[in-house]
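Residue numbers begin at 1 in each chain, while the letters A, B, ... track the order of the sequences. What's counted below: heavy atoms across the whole structure, side chains too, no hydrogens, waters or symmetry copies. All of these numbers come straight from a predicted model, not from anything done at the bench.
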There are 2 protein chains.
Amino acid sequence: MKAVALPRAAASARRRLSEIIDAAAKVFAQRGYHGASTQDIADLLGMRQASLYYYFDSKEAALEAVCLDGHQDYVERIRAIARSAATASEKVTEVLFHHAAPERRDFTLVFLRERRFLPLAARKRIRAFEVEYERAIQRIIEQGIRSGDFRADLDARMATLALLGLGNSAAAWYGREPAVTPQRMLRAYVDLLVRALRLSH
Amino acid sequence: MKAVALPRAAASARRRLSEIIDAAAKVFAQRGYHGASTQDIADLLGMRQASLYYYFDSKEAALEAVCLDGHQDYVERIRAIARSAATASEKVTEVLFHHAAPERRDFTLVFLRERRFLPLAARKRIRAFEVEYERAIQRIIEQGIRSGDFRADLDARMATLALLGLGNSAAAWYGREPAVTPQRMLRAYVDLLVRALRLSH
DNA sequence: CGCCGATTCTATAGCACAATAGATTCGAGG
DNA sequence: CCTCGAATCTATTGTGCTATAGAATCGGCG
């Protein structure tokens, strides 16, 4: 945040900051926001607890950064998917796969579970991205209804929430059971979801 | 736990204990386990913080009690549903409605989100109930496949996890959006799920 | 009434943690 | 080799919280 100056220096500062946000995401995901100490984050980075305060004004600010960073990524990806020429069913598939992708799991889990501990002002800031993401999904569903890919009697809002619910629960489940790989789980969920949305025939 | 003696006194002691577990569930659900203080629980009960330690050896023990209490209820209900003569589709409907019933929401949320903070020994104790619950659901799905109510190519394990995922996300969602009542949400989810599981025709 | 166990209370020890203050080191540019 | 800002460090303060110790109170029963 405070790092500035020349482009090269700025780039390195940004990299360092994102390393620190990654560490915070990992620690918050594992121990929960309140259960994690700033010491834990510093340990992971091999630095002193107090040094973190060079990058963040408070532990809370670090949580907000994790939530924003994680969700910004989601919004970018949904935009790309929305723009594509695929059918609604294909888009739903892509969304679910991207939503529950294991790579950004820590960010997703922190966003899901810990954002509620932020003060109202910070939550509102995050909400903007959240709404855009949900809207984009809902538009895909509605497009599918108009194009005849999905049933006309579908409640688009509920279908959107169901998609998110399945994606979130998949992300939360990974690692609980060796036989249930993310691949298998996501394939199965996509299959169930598309069957549920499509016209039966 | 420590209360004993005569039947009447025992009954009253049990009531008191469950009042305290209820309060703990509410506070843990709202603030998270680590974010909640024993003071918060005592405030809700109108008693002193230290008095709680008459009922529980530790804050952790209170969390375990909440998780056990909440899930025991689930297991009892799933048994009743499994015994009934309904079709698999009807049973799935009942399970989802009961699973995400708003009445026991605090317990459900605490179980979902906070159980992971318990030490291994306590988690194992809880796991037994968890496994029984999941097994019972899976058996309902499998019964549906055998009876021809559901598709033969269904992955019963994935269908079980999808049901739980939808139920859990419904329970977590309530109150976020006034237009989305539990009723509306659960009806929609049941509809989607049953369509996804059934033979198309 | 007076005992006794159950329950709640007051008081406090002891620890873990977030955050601040200020010194020190690092590294690029002149 | 010196300067200066960025980055990290050491040291510490203050606070909030869990848990313990032991005193006070309550209520039924002999």
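- Between B/F111 and B/E130 the shortest side-chain heavy-atom distance falls below 4.5 Å.
- Take B/E76 and apply the side chain to side chain donor-acceptor pair (under 3.5 Å) test, not counting sequence neighbours, and it matches no residue.
- A sub-4.0 Å separation between OP1 or OP2 of D/dT8 and a side-chain N or O of A/R16 is present.
- Annotation for B/A29 and B/D106: closest pair CB-OD1, 3.7 Å, computed over non-hydrogen atoms.
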Show the atom names and distances, to 0.1 Å, of all donor-acceptor pairs under 3.5 Å that link a side chain in residues 185-196 of chain A to residues at least two apart or in another chain.
unit_1: A/R187; atom_1: NH2; unit_2: A/Q183; atom_2: OE1; d: 3.2
unit_1: A/Y189; atom_1: OH; unit_2: B/L161; atom_2: O; d: 3.2
unit_1: A/Y189; atom_1: OH; unit_2: B/A162; atom_2: N; d: 3.3
unit_1: A/D191; atom_1: OD2; unit_2: A/R195; atom_2: NE; d: 3.3
unit_1: A/D191; atom_1: OD2; unit_2: B/R151; atom_2: NH2; d: 3.4

Within the 4.0 Å limit for protein heavy atoms, which parts of nucleotides 10-21 of chain C are touched? Write it as a string from 5' to 3', B for base, S for sugar-phosphate only, - for none. BB-----SBBB-
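- Protein atom CZ of A/F56 is 13 Å distant from nucleotide atom P of D/dA7, rounded to whole Å.
- Atoms CG (B/D43) and P (C/dC9) sit 11 Å apart, rounded to a whole Å.
- Ring centers of A/Y133 and A/H99: under 6.0 Å apart, within the cut-off.
- If you measure from atom CG of B/L17 to atom P of C/dT7, you get 10 Å, rounded to the nearest angstrom.
- Dashed line: the shortest gap from a side-chain N or O of B/Y55 to OP1 or OP2 of C/dA6 is not under 4.0 Å.
- In this structure, B/Y54 places its OH atom 18 Å from P of D/dA23, rounding to the nearest Å.
- Of the candidates A/Y33, A/F117, A/F107, A/F28 forms a side chain to side chain contact (heavy atoms under 4.5 Å, CB included) with just one, namely A/Y33.
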